[in-house]
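One-based numbering along the sequence shown. Bear in mind that the values here come from a model prediction, so they are computed numbers and not experimental data.
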Amino acid sequence: MHKSILWKDAFQAITHSLGRYIAIILLIGLGTFAFVGLKMAGPDMRATGADFFTKHNLADVTVSSNYGINSTDRATIQNLPEVKQATFGYLQDVKVKNKQNVLRVFSQSNNISSYELIKGHFPENNKEIALSYLLKNKYHIGEKISFVKPGILKNKTYKIVGFVKSSEFLDKTQFGQTNIGNSRLSGFAVTTHNAFASPVYQVSRVTFKNTANLSPFSVTYRNRVYHDQNKLQKALNKNRQDKYDKYVQLYQKQYQKKAAEQLIKKGIPITPEQIEVPKNKIQIDYPSYTINSREGSQGYSSYRADSERVEVLANVFPVFLFAVAALVSLTTMMRFVEEERTNIGTFKALGYSNTSIALKFLLYSTSAAILGVILGASLGYTFLPNMIIKAYLASSTLGSDYQLNFAWWPLLISLIIALLATTAVSMLTLYQTLKEKPAALLLPKPPKNGSRILLEHIPWLWKHMSFSAKVTARNIFRYKSRMLMTIFGVAGCTGLLGMGFGIRDSLQGIGNIQYSAVQKNDIIALKSKHVTKKEQHELDSIFKEKDITQTNAVQYQQLTKHLNQSGSTENIMMITPESAANFRKSINLRERQSKKKLTLPDDGVIISEKLATLLNARKGSTISLKNSAGKTYRFKVKGICEMYLGHYVFMNQKEYARATGQKYAANAYLVTMRSHEPQEVNRISRKLVKTAAIETVISNSSNRKILGSYTGSLNEVIFILILISGILAIVVIYNLTNINVAERIRELSTIKVLGFYDNEATMYIYRETIILSALGIIVGFGFGWWLHHFIITSLPPDAAMFDPNMYPFNFVFSALIPAIITAALAVVVHHKIKKINMLDALSSID
């Protein structure tokens, strides 16, 4: 037998049903596009970050101390077995003269956490400085910059010679807190080592031996750093007493020398050694060491969380997208085989083998699958990751030099799914068909027998239904496979749309809820350890200003909890109010779902909801947290409160004394202002920091930015997913409607011959599509709600949670798109039915 006839027939099958062929390609392409694109975006982001960190040898941890890092500390760090490399440098926070900008000036680091030159050159002497490249629109090379109080810097004025990028600051807006200006850094600067005059270093950058060749974003890396960090902390803590004794002796000698000079001026001959120093005259803080891992950097932790959030979407969204696409492709291929019954019978009658006959279906299905995968993958490896990474890097200093990598496994998985949904299904259906005799195949397949349906067993309802309604009801249940395919196809699209709209609203609303309904204070002002009566009086007078509406004194501590499962170390704010009655005016403690007000108990604590989730804690659970000195506190959970950013533990004074074993003393203030505008908050912040009574302030305007960084870039990703879902809905509904019309062409011709008008003929068949689409939308609501809940609880970073509620408009919009598509396709179907040639359709092929 001539194979050329088979090949010709195979290619004609594609050209004669081009719409259906393209629909399969698009369905497979959409699934592949989303799957490959989302699966590659996260690894691409991490590869880009890892290369940047390796290039600049980013420190695993940075060490600082309230008394600086002396020679003993240097030896301790360098001699620790776990330490691979350590460098030591200077830093000083300074306010720019005649401006509100506050910069952190570093000594240049070349070995660890190096800087990248963007423009100009690095400083070459102690009168030159390079600024963050983010400040190049405010300053220019050759310009002089002056600082108000230079601190340990030798000079007040420097010449700007370049702009640099730091590997330690990845966020374009968050540079950290300080104790000058408005307590927020505006950027950083770099100068030479000899530009500083200090007997001790201020910072040490350290890399560990056992982190080499590990992904900096892996759980293993974070856990290893945590354990090495603890060893370094314990080793340095051994230096505290010796350092304290030396500083006490130093201050005693200074006091004795000064007192002796004053007595000598009065004519009293005395030596400094003869003067006894009163104990209350030497009040100094006990030495402490702060060791921060990379996770302590806002930009670093946000970037890691961003790449992981894309992974969450990648693990869910494409799966359901592929499921819907595969379902509809399966239906389409089954219908294609059914349409070709006559041709199959003809070829069998002519003596062609089953294998030869299968060639056409193999070509049709396999080529559609492969073309769909190629189309989707070509955009999935490039366009989608490119869009996602650009969206996330918009707030990062990593810039546009990112990587788009290639991995075989997403492509192979997509191809396998595509071939199963098309080739495997068509071959299975064809196998069933080929078992029939040629004589049976040359006859049209008899229509399915009608049968009594459930509604007919309800006489009072059935007898009141019109003829058209009865026909529609019977036809819906007569073609059960098409009914299920339509319902699940539309439900899948509706669910994906509902999920997309729901996530969008969950991201948008949390800022207003957090900072208007829950956390009403604008500032947390941290009190200095030694405050004079004069300084306290000055502070109290500021609190009485009309611009400040509420002030609550609290005990504020930062606790930590290391989570082995994720490798992260979470910071938890412990707050104990001085007055529990007024506390609600600053922070509204309530349950999220019931909105029930919570009061601080005498025998336990109230914790924020996300912290409860991470610790798997509920009412009655006991949790353990560590303070900065490594001491473990244990608390019994008595309530879980609504909170969307940060982790909190709230308690009253009685519980504070029991849990910590310390006497209560307020060390911070929650300040609420009349105006919540950032410029007004910054003005008051500057005023507070100017008083020696306040060490630093934390403003909610900066926290809003952090929350915005979690949600802003993700909005663009969600928009892409909504768009993909919308396109899928168009293809699915069009394809299923097309199959419905093609399957029942003889039936439509019959009712037209019987005198039905074109509009009536259209509604005769399309009424079923409308009903099934409506059922699919309803089923999709439940599916979308579940999908939204699953993703919204998995999507946020550890330090935040998103609003898990679904709102009415989410369901309205997710239903509206399939409904509009269904209505629009009714016009297409109507024109198709009008063009039916009744004579050809009804002609017998006997």
**Q** Does L379 reach the side chain of L384, with side-chain heavy atoms less than 4.5 Å apart?
**A**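 They are not in side-chain contact.
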**Q** Hey, mind stepping through N805 and R592 against side-chain contact (heavy atoms from CB on, under 4.5 Å) and telling me if it holds?
**A** CA-CA 10 Å; N805 295 315; R592 178 179 55 81; 4.0 Å; yes
**Q** Compare every heavy atom of A34 with every heavy atom of P318, then report the nearest pair and how far apart it is.
**A**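 Closest approach of P318 to A34: CG-O, 3.7 Å.
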**Q** With the side chain counted from C-beta on, respond yes when M763 and I770 share a heavy-atom pair under 4.5 Å apart, and no when they do not.
**A**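 A side-chain contact exists here, since the closest heavy-atom pair is under 4.5 Å.
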**Q** How long is the gap from CE on M499 to NE2 on H789, to the nearest 0.5 Å?
**A**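 Here the interatomic distance stands at 15.0 Å.
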**Q** Under 3.5 Å, side chain of Y303 to main-chain N/O of M45, donor-acceptor pair present?
**A**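 Yes, the answer is positive, given that a donor and an acceptor are paired below the 3.5 Å cut-off.
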**Q** Does the side chain of I417 reach to within under 4.5 Å of the side chain of V373, using non-hydrogen atoms?
**A**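 No, every pair of side-chain atoms sits at 4.5 Å or beyond.
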**Q** Start with the C-alpha distance between T422 and I24, add both sets of side-chain angles, then the distance that settles side-chain contact (heavy atoms from CB on, under 4.5 Å), and finish with yes or no.
**A** CA-CA 8 Å; T422 54; I24 296 172; 3.8 Å; yes
**Q** Any pair with a residue in residues 28-41 that passes side-chain hydrogen bond (donor to acceptor under 3.5 Å, both in side chains), sequence neighbours left out, goes on the list, sorted by first then second residue, please.
**A**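 Qualifying pairs: K39-N315.
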**Q** CD1/I727 to CG/L26 distance, rounded to the nearest 0.5 angstrom?
**A**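 Answer for the CD1-CG pair, I727 versus L26, is 9.0 Å.
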**Q** Which pair of heavy atoms, one from I730 and one from L825, lies closest together, and at what distance?
**A**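 Looks like O-CD1, 4.3 Å.
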**Q** Considering non-hydrogen atoms only, spot the tightest contact between S356 and S353 and give its length.
**A**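 Minimum heavy-atom separation between S356 and S353: OG-OG, 3.0 Å.
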**Q** Within this structure, what is the CG-CG distance for the pair N354 and L430, rounded to the nearest 0.5 Å?
**A**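 One finds 7.5 Å between CG of N354 and CG of L430.
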**Q** Carefully, step by step, assess S367 and I14 under the rule side-chain contact (heavy atoms from CB on, under 4.5 Å).
**A** CA-CA 10 Å; S367 62; I14 295 174; 4.3 Å; yes
**Q** Tell me the closest heavy-atom pair linking P410 and M40, and the distance in Å.
**A**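 Here P410 and M40 meet closest at CG-SD, 4.0 Å.
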**Q** Return the CD1 to SG distance between I821 and C493, rounded to the nearest 0.5 Å.
**A**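 Rounded to the nearest 0.5 Å, the CD1-SG separation comes out at 7.5 Å.
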**Q** Other residues, nucleotides and ligands only: do more than 12 of their heavy atoms fall within 6.0 Å of CD on Q432?
**A**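 Yes - once you tally the heavy atoms of other residues, nucleotides and ligands closer than 6.0 Å, there are more than 12.
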**Q** Could you pull out every donor-acceptor pair under 3.5 Å between side chains of residues 771-788 and any protein atom, sequence neighbours left out?
**A**
from: S773; atom 1: OG; to: T769; atom 2: O; distance (Å): 2.8
from: H788; atom 1: NE2; to: G502; atom 2: O; distance (Å): 3.3
from: H788; atom 1: NE2; to: S506; atom 2: OG; distance (Å): 2.9

**Q** Considering only residues two or more places apart or on different chains, which pairs with a residue in residues 359-379 satisfy ring-ring contact (aromatic ring centres under 6.0 Å, His included)?
**A**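 Pairs touching residues 359-379 that pass the test: Y21-Y364, F336-F361, F336-Y364.
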**Q** More than 12 non-hydrogen atoms from neighbouring residues, nucleotides or ligands closer than 6.0 Å to CZ on F811, yes or no?
**A**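 Enclosed.
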**Q** Counting distance only, does the side-chain N/O of T366 pair as donor-acceptor with the main-chain N or O of L363 below 3.5 Å?
**A**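 Side chain of T366 to backbone of L363: no pair is present.
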**Q** Would you indicate whether the side-chain heavy atoms of K360 and N343 approach each other to under 4.5 Å?
**A**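 Counting from C-beta outward, N343 and K360 do come under 4.5 Å.
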**Q** Within the supplied structure, the quantity of interest is the number of heavy atoms (other residues, nucleotides, ligands) at a distance under 6.0 Å from K435 NZ; does it exceed 12?
**A**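 For K435, atom NZ is crowded (more than 12 foreign heavy atoms under 6.0 Å).
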**Q** For a side-chain contact (heavy atoms from CB on, under 4.5 Å) check, start with the C-alpha distance between L415 and L411, then their side-chain angles and the critical distance, and finish with the verdict.
**A** CA-CA 6 Å; L415 185 61; L411 181 65; 5.7 Å; no
**Q** Which pair of heavy atoms, one from L375 and one from I25, lies closest together, and at what distance?
**A**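 Scanning both residues, the minimum pair turns out to be CD2-CG2, 4.3 Å.
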**Q** In this structure, are over 12 heavy atoms from other groups packed under 6.0 Å from W408 atom CH2?
**A**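 Counting neighbours around CH2 of W408, 12 or fewer heavy atoms of other residues, nucleotides or ligands fall under 6.0 Å, so no.
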**Q** Would you give the length of the straight line joining atom CG of N810 to atom CG of D505, rounded to the nearest 0.5 angstrom?
**A**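 If I round to the nearest 0.5 Å, the distance is 4.5 Å.
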**Q** Would the number of heavy atoms belonging to other residues, nucleotides or ligands and lying under 6.0 Å from OH of Y807 be above 12?
**A**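 It does: Y807 OH has more than 12 such atoms within range.
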**Q** Calculate, to the nearest 0.5 Å, the distance between atoms CG and CE belonging to L419 and M427 respectively.
**A**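 Answer rounded to 0.5 Å: 11.0 Å.
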**Q** May I ask you to check whether Y381 and F406 place their ring centres under 6.0 Å from each other?
**A**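 Ring centroids of F406 and Y381 are less than 6.0 Å from each other.
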**Q** May I ask you to decide if D44's main-chain N or O and N405's side chain share a donor-acceptor pair within less than 3.5 Å?
**A**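 Answer holds: no.
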**Q** Looking at every heavy atom in both L497 and G726, which two are closest together, and how far apart are they?
**A**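 Here L497 and G726 meet closest at CD2-N, 3.9 Å.
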**Q** Parallel, tilted or perpendicular, judged at 30° and 60°: which one describes the rings of F501 and F813?
**A**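 Plane angle between 30° and 60°, so tilted.
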